[in-house]
Every structure is written in C-alpha cells, then in structure tokens.
Amino acid sequence: MNILSPLPFIGLAVISFCTIVIPANAGTIDVQFAGSYSSTCGNNTTSCSNPAQVGAAYVGSPGDQWNYFNTASGTASLVDATGSASGTSISFSSDGFFSPYTDGTLTNNFYSTPYANLFGGYLGSYNQNGIHITLSGLNVGQAYTLYTYSEQDGMSNAGRSMDVTANGVTKNDTQGGEGSFVAGSTYLQFNGVADAQGRVNIAVSTVLAESDLNGLQLVTTTPEPSGMALLGMGMLSLTGLLRKRFGR
C-alpha cells in the first residue's frame, strides 16, 4: 500500500479545517461616574453638572456610548459601546460623587482633550469604606481586559494614591493628574477572567489622601456558537474522509 496516498485527502481536510475561522464577539462596555458641584464653578456659575462622555478613552472608537451615573451608589443594567443591551449589570457604592469645576478648567487637566467629560466627575472615598463595584452577568471564565481611570484633583498639592483590586489582582494608581493616559497614574489595565458567578469584583482603597475613580471600560471577547459549530463540522468531515479512505 502506498502510505503517501492518504495525504491528498488528509491535506484537503486539514485545509478545510484550517480555513474554518472562528469569529468572535468583541464587546466594550464604558462606564462614567459623573458628579455635581453646587459651589462656584470655574466659569463663575453657581452650579455645575458633569456632561456625558462620548467616544473613546484609552480604548474605543469615536461615537462610543457611555453608561452615565450621577450618584454615589446604584444598580443598573449596562449597554455596550453601540448602545445595545450588553447582558451585563453593575452595582456600586462609594462615600460620595463629585465634579469640581466641571466646565473643564482648574482641577481637570484633561480639559483641552476629548476626554474632559470622563475626567470631570468621579466616585470618591476618604475612609475605610472604599469604592466597591461589581460587574455581573458575564460567562463563567469569561476573559476580559479592564481599564480603570482616575485623575488627581489639580487643586491638591498633597498627592493622592489608591489601590485598585479586580478579581484578586491589585495595582496601585498614583492619580498623577498628567492630563494624558499614563499607566499606573491616570489609568490601570487588568487582564483576567470572570469568577465562578460570572462577575468582575472591583475594590478601591485609599493609600494616600483619598481615592477618586472617574470611570472604567470592560472589553470582552467570546467565541460565537456558530463558529464552534463550524469547527465541529470540520472535525466530522475529516473523520469521514479518513474512514472512507481506509474502509473503516
């Protein structure tokens, strides 16, 4: 028997298998923690409210939509960056929500950038209560990339620092206030998987002065069921060809 004769059949099956592309749903959820300020604002008005962010932050695209929260705590369903229901929900708590000088001056060093609204307001914590956020409704073991955002109050000379923990991984944010995206200073990046309940648990604790959290982005990728079905069909085709060739 010519042992090379099965190769064309196997090669054809392998090519068919390799050309089965498993697409993925890449989803981005944007969350903005806004605020209000009732004292004199930077534009000399007596009441400020933080506008909603639109578009990208460290990741994203122009026109992306943000989930907007103007409260210290709450629970809600979230939409993705296209405005469609994401199946993910959020619950959060903090000591308060703030938006000093939200006209985009003084304390917001991002004021001249497209990200001024995102960095205008924030959840704040001054004590041991901290900031707690739970994102739920993900698949168990769902891979994600999480970005958290924070900028130091530009009126404070003391400096601020906080620890952010996402599903057991802790990183420090110095809240440097540079007015640009600087890892470990104005944003943190976490790569992980959802826990056994399909959740991402985020905890923020103060290291120095106070903790300020402006918002976050959650990026997930999930194989499509149709792609997995095509993969199974490819494997069945390969098995069938081999059986037919060898008469088994």
Side-chain angles (χ1 to χ4, degrees), residues 28-58 60 63-86 88-111 113-127 129-137 146-156 160 162 164 173 175 177 179 186-188 200-204 206 210-218:
T28 299
I29 297 174
D30 304 321
V31 177
Q32 174 188 3
F33 299 112
S36 60
Y37 195 70
S38 58
S39 185
T40 303
C41 304
N43 60 0
N44 294 320
T45 61
T46 57
S47 180
C48 299
S49 61
N50 199 137
Q53 174 69 20
V54 176
Y58 184 69
D64 282 359
Q65 297 189 35
W66 288 71
N67 296 272
Y68 180 92
F69 297 104
N70 195 0
T71 180
S73 62
T75 301
S77 298
L78 299 174
V79 298
D80 63 20
T82 69
S84 301
S86 68
T88 302
S89 60
I90 187 173
S91 62
F92 63 96
S93 62
S94 67
D95 294 330
F97 64 105
F98 307 92
S99 185
Y101 303 98
T102 52
D103 61 323
T105 61
L106 298 180
T107 62
N108 184 354
N109 291 328
F110 279 87
Y111 73 90
T113 75
Y115 320 108
N117 292 341
L118 171 61
F119 288 95
Y122 55 85
L123 295 181
S125 177
Y126 304 97
N127 52 43
N129 292 332
I131 300 170
H132 300 276
I133 302 169
T134 298
L135 302 173
S136 57
L146 172 71
Y147 302 89
T148 62
Y149 297 103
S150 178
E151 186 189 37
Q152 177 178 302
D153 186 338
M155 300 297 288
S156 172
R160 297 175 181 176
M162 65 184 190
V164 180
D173 188 330
Q175 303 180 94
T186 54
Y187 82 94
L188 296 175
V200 179
N201 296 296
I202 305 164
V204 181
T206 301
E210 68 178 80
S211 303
D212 302 328
L213 186 68
N214 298 93
L216 59 87
Q217 291 179 293
L218 183 74

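All residue numbers refer to positions in the sequence shown, counting from 1. A quick note: this is a predicted structure, and the numbers were derived from the prediction, not measured.
Atoms OG1 and CG, on Thr134 and Asn201 in that order, are 4.5 Å from each other to the nearest 0.5 Å. The structure places CZ of Arg160 at 9.5 Å from OG1 of Thr206, a figure rounded to the nearest 0.5 Å. Distance check: Thr88 OG1 to Leu135 CG gives 7.5 Å after rounding to the nearest 0.5 Å. Rounded to the nearest 0.5 Å, atoms OG (Ser150) and CZ (Phe119) are 8.0 Å apart. For the atom pair Leu216 CG and Leu188 CG, the distance stands at 11.5 Å (nearest 0.5 Å).
Aromatic ring pairs are classed by plane angle as parallel below 30°, tilted from 30° to 60° and perpendicular above 60°; the pair Phe110 and Tyr115 is perpendicular.
In this structure, Gln32 contributes its side chain and Ala52 its backbone to no donor-acceptor pair below 3.5 Å. Remark: the backbone N or O of Ala72 is paired with a side-chain donor or acceptor of Ser94 at under 3.5 angstrom. For Asn67 (side chain) and Leu78 (main-chain N/O), no donor-acceptor pair under 3.5 Å exists by modelled atom type. Without hydrogens or angle criteria, Asn214 side chain to Gly121 main chain gives a donor-acceptor distance under 3.5 Å. Put simply, the side chain of Ser125 gets close to the backbone of Gly130: a donor and an acceptor are under 3.5 Å apart. Between the side chain of Gln65 and the backbone N or O of Val79 there is no donor-acceptor pair closer than 3.5 Å. Without hydrogens or angle criteria, Gln53 side chain to Pro114 main chain gives a donor-acceptor distance under 3.5 Å. Looking only at distances, no side-chain donor or acceptor of Asp95 sits under 3.5 Å from a matching main-chain atom of Asn129.
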Audit row: Leu146, Ile202, side-chain contact (heavy atoms from CB on, under 4.5 Å) steps and yes/no: CA-CA 10 Å; Leu146 172 71; Ile202 305 164; 3.7 Å; yes
Full working for side-chain contact (heavy atoms from CB on, under 4.5 Å) between Ile90 and Ile29: CA-CA 11 Å; Ile90 187 173; Ile29 297 174; over 6 Å; no
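Here the side chains of Tyr122 and Gln175 are not in contact, with every heavy-atom distance at 4.5 Å or above.
Nearest heavy-atom pair, Ala81 versus Asp30, reported as atom, atom and distance to 0.1 Å: CB-OD2, 3.8 Å. Across Pro51 and Asn117, no two heavy atoms sit closer than the pair O-CB, 3.5 Å. When all heavy atoms are compared, the tightest approach of Glu151 to Gly179 is OE2-N, 3.7 Å.
Residues satisfying the ring pair (Phe, Tyr, Trp, His ring centres under 6.0 Å) test with Phe92, not counting sequence neighbours, are Phe33, Phe69. Listed by chain and residue number, nothing satisfies the side-chain hydrogen bond (donor to acceptor under 3.5 Å, both in side chains) test with Thr186 (two or more places apart in sequence, or in another chain). With sequence neighbours excluded, the residues forming a side-chain contact (heavy atoms from CB on, under 4.5 Å) with Ser93 are Ser73, His132, listed by chain and number.
Only one option out of Trp66, Tyr147, Tyr58, Tyr149 pairs with Gln217 in a side chain to side chain donor-acceptor pair (under 3.5 Å); it is Tyr149.
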